[in-house]
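Numbering starts at 1 and runs along the sequence shown. The structure displayed is predicted, hence computed values, not measured ones.
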Amino acid sequence: MVTQNLLFTIGRVGVTIFFLITGYLTYTSYKKRTGMQYLVNRLFRMYPEYWVLLMAAFIFQIKNVSAPCWMANITLFNEFMGYGNILGASWMMPIQICFFVFIFFFKKYVVKSNAPKYWILFWGMVSLGAGYLRYATGKPIPTAFPLLFLVALLGIEFFIQENGKKQKADSMCCLVIFEAVLIMSTKLSYDNWLYYVVAYNIGIVLFVFMRKREWKSKLLIMLGEIGFPFFLCFDIIFSIMVRFGVCEENQYMSVSACIIHFVLSLAFAVIVTKWVEKPILRYGKALERKMASK
């Protein structure tokens, strides 16, 4: 059977790669657009598709929750309103939205060749502060928020270094800062801190490995395209599997069930990307062109 710790680690590895890709692709995406076009593009990429998947969750009744909870989830900031996530993986989306808004306001100070290092240092201090407050107060201070900001900034750093705009030593310095912050902030925040450290590092290693291969660009673009629906549809696919008796709710899954879950989620993500996300993005690009013509 597959343990919860293993599933947690695999999930966090995926989240790490997802945010690295977010930062990596942010640099080129912003260079092609004005600030407002960039923000519209990012929001068009997230909200409509998320609402479609939320509707699918409602149809399949994956959770029995109140109407206010559904309404709060539509905003993606439901946890700030005291409601849980209907789609489990949506917990990371407010962080991503905040990162896009951060880029929108501070783009000039982030994409410069030496800037990511200083922002990594800044968000590292924020992460340590959040970890200490969580440890001192016992309250669930969101340590993951600044940590994933750090991960996305590492993605920008890797892009700048890869394109010859700075020395490799600078990227190594950023990694050292990140590692120190990761260990200290997670140890202050979580009992299972070691799983966080292992997962984040595996994610970084896999990302660096993909960058070194000749097929890196196509793979990163593909993962960037399907990563969003892939994470979000996990709960929907799991609910369907439970209904058909492939696995049981609140029980450890067998290896075969995990493989089926992964393959079905991947297939569902490809379908959603082709028939939902891409048409929405075409409309979003048309809106961008109208904004540019004004």
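Remark: Asn201 pairs with Glu179 by the side chain to side chain donor-acceptor pair (under 3.5 Å) rule, at least two apart or across chains. For Asn5, the side-chain contact (heavy atoms from CB on, under 4.5 Å) partners are Thr3, Tyr195, not counting sequence neighbours.
Applying side chain to side chain contact (heavy atoms under 4.5 Å, CB included) to Phe18 and the options Thr22, Thr16, Ile21 leaves one that passes, Thr22.
Within the 4.5 Å cutoff, the side chain of Trp91 has no heavy atoms near those of the Phe231 side chain. In this structure the side chain of Phe99 never reaches within 4.5 angstrom of the side chain of Leu148, judged on heavy atoms. Taking 4.5 Å as the limit, every side-chain heavy atom of Arg45 sits out of range of all side-chain heavy atoms of Phe228. Side-chain contact between Val52 and Val272: absent, with no pair of heavy atoms (C-beta onward) separated by less than 4.5 Å. For the pair Leu175 and Ile204, the minimum side-chain heavy-atom distance is below 4.5 Å. Lys139 has its side chain out of reach of Leu133: every pair of non-hydrogen atoms, C-beta onward, lies at least 4.5 Å apart. Contact of the Val246 side chain with the Val242 side chain is not registered, since no non-hydrogen atoms from C-beta on lie closer than 4.5 Å. No side-chain heavy atom of Asp170 sits under 4.5 Å from any side-chain heavy atom of Gln161.
Annotation for Ala57 and Leu87: closest pair CB-CD2, 3.9 Å, computed over non-hydrogen atoms. Between Ala89 and Leu232 the shortest heavy-atom distance is C-CD2, 4.1 Å. Among all heavy-atom pairs drawn from Leu7 and Cys258, the shortest one is CD2-SG, 4.0 Å. A pairwise comparison of heavy atoms in Leu53 and Pro229 identifies CD1-CA, 4.1 Å as the closest pair. Of all heavy-atom pairs spanning Ile120 and Leu153, the tightest one is CG1-CB, 3.8 Å. The nearest pair of heavy atoms linking Cys174 to Leu154 is CB-CD2, 4.0 Å.
Between Phe19 and Phe149, the ring center distance fails the sub-6.0 Å criterion. Taking the six-membered ring for Trp and the full ring otherwise, Phe106 and Trp119 have centroids separated by under 6.0 Å. Less than 6.0 angstrom separates the ring centroid of Tyr196 from the ring centroid of Tyr190.
Between Tyr24 and Phe207, the two ring planes are perpendicular [angle over 60°; tilted spans 30° to 60°]. Between Tyr47 and Tyr50, the angle of the ring planes goes over 60°, which puts this pair in the perpendicular group of the 30/60° scheme. The aromatic rings of Phe100 and Tyr38 sit perpendicular, their planes meeting at an angle over 60°, well past the 30° parallel limit.
Other residues, nucleotides and ligands contribute at most 12 non-hydrogen atoms within 6.0 Å of the OH atom of Tyr135. The local environment of NZ in Lys187 is sparse, with at most 12 non-hydrogen atoms from other residues, nucleotides or ligands closer than 6.0 Å. The 12-atom threshold is exceeded at CE of Met81, counting heavy atoms of other residues, nucleotides or ligands nearer than 6.0 Å. Heavy atoms from other residues, nucleotides or ligands lying under 6.0 Å from CZ of Phe58 number 12 at most. At most 12 heavy atoms of other shown residues, nucleotides or ligands fall within 6.0 angstrom of atom CZ in Phe80. Other residues, nucleotides and ligands place no more than 12 heavy atoms under 6.0 Å from the OH atom of Tyr132.
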Determine whether Phe60 and Ile240 satisfy the following criterion, side-chain contact (heavy atoms from CB on, under 4.5 Å), listing intermediate values before the conclusion.
CA-CA 8 Å; Phe60 289 107; Ile240 295 172; 3.9 Å; yes
Do Leu25 and Phe159 pass the side-chain contact (heavy atoms from CB on, under 4.5 Å) test, and can you show the C-alpha distance, the side-chain angles, and the key distance before you say yes or no?
CA-CA 8 Å; Leu25 298 180; Phe159 181 91; over 6 Å; no
How far apart are the C-alpha atoms of Phe178 and Val151, what are their side-chain angles, what is the distance that settles it, and do they pass the side-chain contact (heavy atoms from CB on, under 4.5 Å) test?
CA-CA 8 Å; Phe178 174 76; Val151 173; 3.9 Å; yes
Between Thr143 and Ser127, is a side-chain contact (heavy atoms from CB on, under 4.5 Å) present by the stated rule, with each step listed?
CA-CA 6 Å; Thr143 312; Ser127 183; 4.1 Å; yes
Evaluation steps, ring-ring contact (aromatic ring centres under 6.0 Å, His included), between Phe230 and Phe262:
CA-CA 9 Å; Phe230 177 74; Phe262 178 85; 5.4 Å; yes
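Of the inter-residue distances, the one linking Ile237 atom CD1 with Ser265 atom OG reads 5.0 Å to the nearest 0.5 angstrom. To the nearest 0.5 Å, atom CZ of residue Phe238 and atom SG of residue Cys233 are 13.5 Å apart. Leu182 contributes atom CG, which lies 5.0 Å from atom OG1 of Thr186 (distance to the nearest 0.5 angstrom). Summarising the geometry, atom CH2 belonging to Trp70 is positioned 10.0 Å from atom CE belonging to Met55; distances are rounded to the nearest 0.5 Å.
The hydrophobic cluster containing Val276 also contains Met46, counting ILVMFWY residues as joined when their side-chain heavy atoms lie under 4.5 angstrom apart, directly or transitively. Under the 4.5 Å side-chain heavy-atom criterion for ILVMFWY residues, a single connected hydrophobic cluster contains both Tyr283 and Trp51. Phe145 is connected to Val197 through a chain of hydrophobic side-chain contacts under 4.5 Å among Ile, Leu, Val, Met, Phe, Trp and Tyr, so both are in one cluster. The hydrophobic cluster containing Val205 does not contain Phe158, counting ILVMFWY residues as joined when their side-chain heavy atoms lie under 4.5 angstrom apart, directly or transitively. Under the 4.5 Å side-chain contact rule for hydrophobic residues, Ile183 and Tyr200 share a cluster.
Ion pair Lys117/Glu157 not flagged as a salt bridge, since none of the NZ, NE, NH1 or NH2 atoms sits closer than 4.0 Å to an Asp/Glu carboxylate oxygen.
With hydrogens and angles disregarded, no donor-acceptor distance shorter than 3.5 Å links the side chain of Arg12 to the backbone of Ala199. At distances below 3.5 Å, at least one donor-acceptor pair connects side-chain atoms of Ser254 with backbone N or O atoms of Ala257.
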I'd like a table of donor-acceptor pairs (distance under 3.5 Å, sequence neighbours excluded) in which one partner is a side-chain atom from residues 72-79, with atom names and distances.
unit_1 : atom_1 : unit_2 : atom_2 : d
Asn73  : OD1    : Ile86  : N      : 3.0
Asn73  : ND2    : Cys69  : O      : 2.8
Asn73  : ND2    : Gly84  : O      : 3.0
Thr75  : OG1    : Ala72  : O      : 2.6
Thr75  : OG1    : Phe77  : N      : 3.1
Asn78  : ND2    : Tyr83  : O      : 3.1
Asn78  : ND2    : Gly84  : O      : 3.0
Asn78  : ND2    : Asn85  : OD1    : 2.9
Glu79  : OE1    : Asn85  : ND2    : 3.4

